[in-house]
There are 2 protein chains.
Amino acid sequence: MDSDDALLDAAFAALADPVRRRIIARLSRGPATVNELAEPFAITKQAVSKHIQVLEQAQLVTRTRDAQRRPVHLNPVRLEALTAWIDQYRLVREGQFRSLDAVLHSSAAASGTQAKDPS
Amino acid sequence: MDSDDALLDAAFAALADPVRRRIIARLSRGPATVNELAEPFAITKQAVSKHIQVLEQAQLVTRTRDAQRRPVHLNPVRLEALTAWIDQYRLVREGQFRSLDAVLHSSAAASGTQAKDPS
DNA sequence: GCCTTAAACAACCAAGAGGTTGATAAAGCA
DNA sequence: TGCTTTATCAACCTCTTGGTTGTTTAAGGC
């Protein structure tokens, strides 16, 4: 599905920034506001606010309203979706390694070898 | 560690691009050359070559030499490192949810405030 | 030796992302 | 009602990135 692909795209792009990864790490210890999240960084609150918008678009975090505070919460469901995506290729690849190894050990390896390309 | 953090940074940034993710998907079915990888995309081989350089810097793929061909191989070890990073926060967060749930049920803080639009 | 092919390198360009400062809106407190 | 806090919006700047075309290197085929 394309929308799911776009969501994966947004999620990986969000985690590609070290500041956002540290925000994720901090949120894993509980919800926090923009000001609280901005403290350990040498950047302005506006910049942190932008980072949180990116994380929110990727659905990695959600925001609730508590008076004038807007605490940010982590969304573990999306994190799980990322591991699921990675695992589908990681695990397939491990299987490929085994069969490739079998090919190398049984037949003459140096010629065409695998050409496992199904497309 | 910082170097490990930089490696994580490169890996997530590499997976943040849909073209590179599709390259990963294709490589999970076996090694391939730049030309083979460039075929399904409407971009030049040079662009694909750059993408592979990015993946190589992130150590998500490796390249071997076979005459004038340079087949690209997937590196599942790095993919596993990504899932490990994600899981450390995802799993912690699941524990947090239980304690947060306890707080919400006892003190009833911020009742029913979902001013959130599911865009 | 010469020619073809695979792939990288170099220079360049347009678009986007991360950051800033300044102004604005919403919610509470005096 | 003003005043403060929290956080966003808007405009702007700089640097990176994805893409292009053109050139160059490396390896084989003739």
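Fair warning: this is a prediction, and the values are worked out from it, not measured in the lab. Each chain gets a letter, A, B and so on, in the order the sequences are listed, and its residues count up from 1.
- Proximity note for A/Asp17 (side chain, C-beta onward) versus D/dT6, D/dG18, C/dG18: the nearest is C/dG18.
- Under the side chain to side chain donor-acceptor pair (under 3.5 Å) criterion, B/Glu56 pairs with B/Arg63, sequence neighbours left out.
- Between D/dT5 and A/Asn35, no contact under 4.0 Å exists linking OP1 or OP2 to a side-chain N or O.
- Protein atom CZ of A/Arg70 is 15 Å distant from nucleotide atom P of C/dA25, rounded to whole Å.
- Residue B/Arg65 has no polar side-chain atom (N or O) positioned under 4.0 Å from OP1 or OP2 of D/dA26.
- Side-chain contact between A/Trp85 and B/Thr83: absent, with no pair of heavy atoms (C-beta onward) separated by less than 4.5 Å.
- For A/Ala25, the side-chain contact (heavy atoms from CB on, under 4.5 Å) criterion is met by B/Tyr89, not counting sequence neighbours.
- Legend: residues meeting side chain to side chain donor-acceptor pair (under 3.5 Å) with B/Arg20, ordered by chain and number and at least two apart, are B/His51.
- Every side-chain contact (heavy atoms from CB on, under 4.5 Å) that A/Arg26 has, sequence neighbours left out, goes to A/Arg29, A/Glu36, A/Leu37, A/Pro40.
- B/Thr62 is linked by a side-chain contact (heavy atoms from CB on, under 4.5 Å) to B/His73, counting only residues two or more places apart in sequence or in another chain.
- Here the P atom of nucleotide D/dT6 and the CG atom of A/Asp66 are 12 Å apart, to the nearest Å.
- For the segment residues 42-55 of chain B, the set of residues with a heavy atom within less than 4.0 Å of an atom of DNA chain C comprises B/Gln46, B/Ser49, B/Lys50, B/Gln53, in numerical order.
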